[in-house]
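By convention here, the first residue in the shown sequence is residue 1.
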Amino acid sequence: MSDKAAKDGANDGGAEKKSKGKLGLILVGVGMLVLGGGGAAFALVATGMLGGHANKQEDNRPQLIRKGETDPYAPKQEGGEADAAASDVEGDGGDPYRTAYYTFSDDFTSNLKDSDSMIQLSLACSTRYDGRVLQWLKKHELAIRSSMLAILADTPENDVYTIDGKTRLQKRMTDAINRVLIQKEGFGGVDNVYFRNFIIQ
């Protein structure tokens, strides 16, 4: 074999080795992309960003109930039927959400702050959220009652004679009820407190 033929054979082998080396690098690169893409896709599915419902947490808090909608948590009457408020006729205007009321079973009686006067109240409160809030009000009425009595005992006598003072008292009571519900159930939902009876002696 001549030197030229040997050189040509060596060049062909070198070129062939270079092509195989490049092909190997390309295959390794493609493999890494496939594995990386698969890993990224798995991560997206695992976090719920891809594939919809994987590991998606459901919002299980009380929901606002629109007028005319059925409340799936409406309190049952003694006969087993849903509360009559669920079948009330709603007006077209005003607040788009249904308002439900809870009446506390007993009156609240307390001394006023730095005074010999006493106050006696009958209270109700309202919510636009589903019936779970009403159930929780009943369930935690004892804790709420304790909080209401503390607020009344800390109310100056001058506040109970003015509209502004009564409005402040309503706000403090609403906030206190929501604090109890948040502490006990993780959600408040009470919109306002109403005085059904208001007697100062």
Side-chain angles (χ1 to χ4, degrees), residues 57-78 82-88 90-91 93-201:
Q57 287 188 339
E58 186 176 319
D59 184 7
N60 199 26
R61 297 179 307 165
Q63 302 298 312
L64 290 167
I65 302 294
R66 289 192 164 279
K67 289 180 179 178
E69 286 181 356
T70 302
D71 182 353
Y73 298 97
K76 303 291 182 196
Q77 288 183 334
E78 291 177 20
D83 190 6
S87 61
D88 285 345
E90 305 281 359
D95 193 341
Y97 300 103
R98 177 225 23 141
T99 300
Y101 297 93
Y102 178 81
T103 302
F104 290 95
S105 56
D106 294 322
D107 290 349
F108 296 83
T109 305
S110 173
N111 290 330
L112 293 168
K113 183 178 181 178
D114 300 327
S115 171
D116 292 332
S117 295
M118 292 187 67
I119 186 168
Q120 184 177 22
L121 301 177
S122 296
L123 294 178
C125 58
S126 66
T127 181
R128 293 174 298 153
Y129 288 89
D130 65 46
R132 288 177 283 190
V133 174
L134 298 175
Q135 293 171 28
W136 296 340
L137 285 165
K138 183 172 184 172
K139 178 180 176 182
H140 300 295
E141 187 169 336
L142 184 62
I144 292 168
R145 175 172 294 284
S146 177
S147 185
M148 297 293 98
L149 290 173
I151 286 172
L152 288 173
D154 193 42
T155 300
E157 184 176 359
N158 292 342
D159 277 6
V160 297
Y161 290 111
T162 67
I163 292 176
D164 287 342
K166 289 176 182 176
T167 301
R168 283 193 300 275
L169 180 58
Q170 282 179 295
K171 171 112 176 67
R172 289 172 54 213
M173 291 180 146
T174 302
D175 293 344
I177 292 171
N178 283 324
R179 273 195 305 275
V180 170
L181 293 181
I182 289 167
Q183 178 187 10
K184 302 292 186 185
E185 301 293 344
F187 189 85
V190 171
D191 298 318
N192 204 356
V193 166
Y194 301 96
F195 302 126
R196 297 179 59 236
N197 212 358
F198 199 103
I199 300 171
I200 303 160
Q201 297 177 336

statement: Rounded to the nearest 0.5 angstrom, the OH-CG distance for Y129 and L181 is 12.5 Å

- prompt: Which heavy atom in K113 sits nearest to a heavy atom in P156, and how many Å separate them?
  reply: CB-N, 4.0 Å

- request: Give a yes or no answer on whether the side chain of D130 reaches the backbone of P62 with a donor-acceptor pair at less than 3.5 Å.
  value: no

message: How close do I200 and S117 get, counting heavy atoms only, and between which atoms?
response: CG2-CB, 4.4 Å

- line: Heavy-atom closest pair (A176 atom, S147 atom, distance to 0.1 Å) is CB-OG, 3.4 Å

message: Tell me whether R179 is salt-bridged to D175, with the criterion being a basic N under 4.0 Å from an acidic carboxylate O.
response: no

task: Using a cut-off of 6.0 Å, state whether more than 12 heavy atoms not belonging to N197 lie near its atom CG.
output: yes

message: Restricting to non-hydrogen atoms, name the atom on T99 and the atom on S126 that form the minimum distance, rounded to 0.1 Å.
response: CG2-CB, 3.7 Å

- line: Closest heavy-atom pair, P96 versus R66, reported as atoms and distance to 0.1 Å, is CB-NH1, 3.4 Å

message: Looking at S115 and N111, would you say the former's side chain and the latter's main chain have a donor-acceptor pair under 3.5 Å?
response: no

task: Please round to the nearest 0.5 Å and tell me the distance separating atom CD of Q201 and atom CD of Q120.
output: 6.5 Å

message: To check you understand the geometry: which heavy-atom pair defines the closest contact between L152 and F108, and what is its length?
response: CD1-CB, 3.8 Å

query: Would you say the side chain of D159 lies within less than 4.5 Å of the side chain of L112, judging by non-hydrogen atoms?
result: no

query: Can we say R132 and E185 salt-bridge, meaning some charged N sits less than 4.0 Å from an Asp/Glu carboxylate O?
result: no

message: I'd like to check L169 versus V193 (side-chain heavy atoms, cut-off strictly below 4.5 Å). Are they in contact?
response: no

- request: State the OH-NZ distance between Y97 and K67, to the nearest 0.5 angstrom.
  value: 11.5 Å

query: Within the side chain of T127, is there an N or O that forms a donor-acceptor pair under 3.5 Å with the backbone of G189?
result: yes

task: Starting at CD1 of I144, measure out to SG of C125 and round the result to the nearest 0.5 Å.
output: 7.0 Å

- prompt: Would you say the side-chain atoms of N178 pair up with the backbone N or O of V190, donor to acceptor, closer than 3.5 Å?
  reply: yes

task: Enter the distance from L142:CG to H140:NE2 here, rounded to the nearest 0.5 Å.
output: 11.0 Å

- request: Would you check if K184 and W136 make a side-chain contact, meaning some heavy-atom pair closer than 4.5 Å?
  value: no

message: According to ring-ring contact (aromatic ring centres under 6.0 Å, His included), who are the partners of Y73, at least two apart in sequence or on a separate chain?
response: none

- prompt: Hey, what do you get for CD (Q170) to CG (L123), rounding to the nearest 0.5 Å?
  reply: 9.0 Å

task: For the pair F104 and I177, evaluate side chain to side chain contact (heavy atoms under 4.5 Å, CB included) and give the outcome as yes or no after the intermediate values.
output: CA-CA 12 Å; F104 290 95; I177 292 171; 4.0 Å; yes

- request: Just grab all the salt bridge (charged side-chain N to carboxylate O under 4.0 Å, His left out) pairs involving residues 187-199, residues at least two apart or on different chains.
  value: R128-D191

- prompt: Who pairs with F198 by ring-ring contact (aromatic ring centres under 6.0 Å, His included), at least two apart in sequence or on another chain?
  reply: F195

task: Flag the pair L121 / M148 as yes when at least one side-chain heavy-atom distance between them is below 4.5 Å, and no otherwise.
output: no

